[in-house]
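Reckoned from all heavy atoms, side chains included, excluding hydrogens, waters and symmetry mates. Since the model is a prediction, treat every value here as computed from it, not as a measurement.
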Amino acid sequence: MAGTMRDASLHFIRRYHNSIAITGIGRKLSSFRFRTLNLLPPDSRQGRGNQRYNHNVNLHCNGRPFSGRPADDGSTKSRTGAASLSDGSLESMDFTEPKRWSRGGGLFDVSAHIDPTAIIESGAVVQAHAKLGPNVHVSSGSVVGPSVSIGSSTRIGYNVSLQNCSIGDFCIIHNGVCIGQDGFGHFVDEQGMLVKKPQILYAKIGNHVELGANVCIDRGSWRDTEIGDHTKIDNLVQIGHNVVIGRCCMLCGQVGVAGSVTMGDYVVLGGKSGVTDHVSIVSKVVFYPRI
């Protein structure tokens with residue numbers, strides 16, 4: 001296994017070291033660094049001009065933000081990125097070279113609206129037209145997608161993915177959370193093939209909401225997905241598209257809520273509970289899973 005990983009790393013480094021563009025597979029970067037830890041043999045370091053190695057290789061990439069597909073003309077200018085792989089709703093956006101935020105060292109698009117008190121850690125990315133309020137903290141590895149809005153004093157953990165969504169004030173978004181990706185919706189066409197239903201709406205997170213690690217909240221298809229104020233959601237919870245959850249609800253670990261469910265206020269779902277699609281739950285109901 002170790003040998004296979006080493007061979008794969010060498011192949012990647014050799015293939016892309018002199019590349020001028022990687023289109024359609026990542027955010028535009030002026031440069032980034034791979035720490036090779038002696039992966040490159042001495043003979044492969046020859047003939048590289050005056051570049052110094054010291055176990056580091058600088059890869060200069062001129063790709064564009066993720067669009068799901070490269071440019072048709074083969075140039076380094078890719079089609080501009082979309083917030084979703086399916087709708088292409090942001091293809092008219094003009095993505096420019098990202099700049100480095102002074103408070104934390106993360107990257108941001110010049111069209112983003114960021115309060116001067118916000119912190120964007122190194123390795124985090126804030127994309128075009130996003131809005132970050134006062135005292136927002138975005139941790140390393142997180143991506144704030146195009147036009148995403150984050151309210152004041154909200155903390156975004158590590159490796160969080162935000163797209164097609166808005167987040168209120170004083171929220172806590174733990175590591176690995178994904179908000180605003182497409183919901184799971186398909187139909188069978190006349191030829192008997194599965195066809196994806198359009199997922200074009202948003203996910204709206206209220207104020208004082210806490211989302212545990214690896215929570216997934218899908219964007220809406222016929223109505224926005226909504227999480228009410230002061231609702232708390234534990235780790236590993238799945239919220240389907242078009243779900244509306246009221247205020248002060250508690251969803252414990254490994255709960256699954258299928259699409260188009262409507263929940264009132266102060267609803268509690270015990271660990272591993274499941275709610276089928278298109279169900280309405282009144283306020284102050286407590287569910288416990290079967291043992």
Side-chain angles (χ1 to χ4, degrees), residues 25-33 61 63-67 80-85 90 93 95-181 202-219 225 227 229-237 239:
I25 62 171
R27 176 130 185 110
K28 182 177 181 181
L29 301 175
S30 59
S31 67
F32 59 92
R33 176 171 292 180
C61 300
R64 293 297 190 270
F66 185 78
S67 65
T80 53
S84 168
L85 302 185
L90 298 175
M93 283 189 175
F95 289 91
T96 58
E97 180 75 24
K99 297 186 179 298
R100 193 168 298 279
W101 186 246
S102 59
R103 290 175 56 85
L107 298 177
F108 72 99
D109 190 277
V110 294
S111 66
H113 301 278
I114 305 174
D115 189 271
T117 61
I119 295 176
I120 306 171
E121 291 185 5
S122 178
V125 176
V126 177
Q127 295 187 344
H129 304 288
K131 297 180 180 179
L132 274 62
N135 301 308
V136 168
H137 190 132
V138 181
S139 300
S140 297
S142 294
V143 177
V144 180
S147 301
V148 167
S149 174
I150 302 176
S152 64
S153 300
T154 288
R155 181 175 179 87
I156 308 299
Y158 299 107
N159 299 317
V160 172
S161 173
L162 305 176
Q163 55 182 322
N164 308 305
C165 68
S166 63
I167 299 175
D169 303 332
F170 300 98
C171 293
I172 302 174
I173 312 299
H174 288 283
N175 304 340
V177 169
C178 294
I179 303 175
Q181 63 280 345
Y202 298 92
K204 297 180 179 179
I205 313 299
N207 302 320
H208 299 276
V209 171
E210 182 168 357
L211 303 178
N214 297 313
V215 167
C216 293
I217 301 176
D218 295 339
R219 70 191 297 198
T225 302
I227 309 296
D229 296 345
H230 295 275
T231 286
K232 313 299 180 184
I233 299 178
D234 197 3
N235 301 337
L236 298 170
V237 172
I239 307 295

query = Any side-chain heavy atom of S152 sitting closer than 4.5 Å to one from N135?
reply = no

inquiry  = When you compare the side chain of P146 with that of H129, does any pair of heavy atoms fall below 4.5 Å?
reply    = no

task = Verify, without hydrogens or angle tests, whether S139 (side chain) and I156 (backbone) share a donor-acceptor contact under 3.5 angstrom.
result = yes

key: Reported OG-to-NZ distance for the pair S149 and K131, which is rounded to 0.5 angstrom   = 6.5 Å

task = Take I150 and L162 through the side-chain contact (heavy atoms from CB on, under 4.5 Å) test and state the conclusion after the steps.
result = CA-CA 10 Å; I150 302 176; L162 305 176; 3.9 Å; yes

remark   = CG (N214) and CG (L236) are apart, to the nearest 0.5 Å, by 5.5 Å

query = Looking at CD1 of I114 and CG of D109, how far apart are the two atoms once the value is rounded to the nearest 0.5 Å?
reply = 9.0 Å

ask   = OG of S142 to OH of Y158: how many Å apart, nearest 0.5 Å?
value = 9.5 Å

query = Does W101 reach the main-chain N or O of A118 with its side chain, forming a donor-acceptor pair under 3.5 Å?
reply = yes

ask   = Where is the tightest heavy-atom contact between P134 and T117, given as atom of each residue plus distance?
value = CA-OG1, 3.3 Å

task = Provide the closest heavy-atom pair for Y202 versus C165 in the form atom of the first, atom of the second, distance.
result = CD2-N, 4.2 Å

remark   = Test side chain to side chain donor-acceptor pair (under 3.5 Å), reference E210, set H174, H230, K232, output is H174

remark   = Exactly one candidate in I179, V237, I172 meets side chain to side chain contact (heavy atoms under 4.5 Å, CB included) with L211; the answer is I179

task = Calculate, to the nearest 0.5 Å, the distance between atoms CG and CD belonging to N164 and Q181 respectively.
result = 9.0 Å

key: Note, T154 side chain near I205 side chain (heavy atom, < 4.5 Å)   = no

ask   = Distance-only, no hydrogens or angles: does the N175 side chain make a donor-acceptor pair with backbone N or O of G157 under 3.5 Å?
value = no

key: N/O donor-acceptor pair under 3.5 Å between D229 side chain and G206 backbone   = no

request  = Any chance you could measure I239, atom CD1, to T225, atom OG1, to the nearest 0.5 Å?
outcome  = 9.0 Å

ask   = Under a 4.5 Å cut-off applied to non-hydrogen side-chain atoms, are D169 and N207 in contact?
value = yes

key: Residue pair R100 / L107, side-chain heavy-atom distance below 4.5 Å   = yes

query = Looking at V138, V160, V209, which one forms a side chain to side chain contact (heavy atoms under 4.5 Å, CB included) with I173?
reply = V160

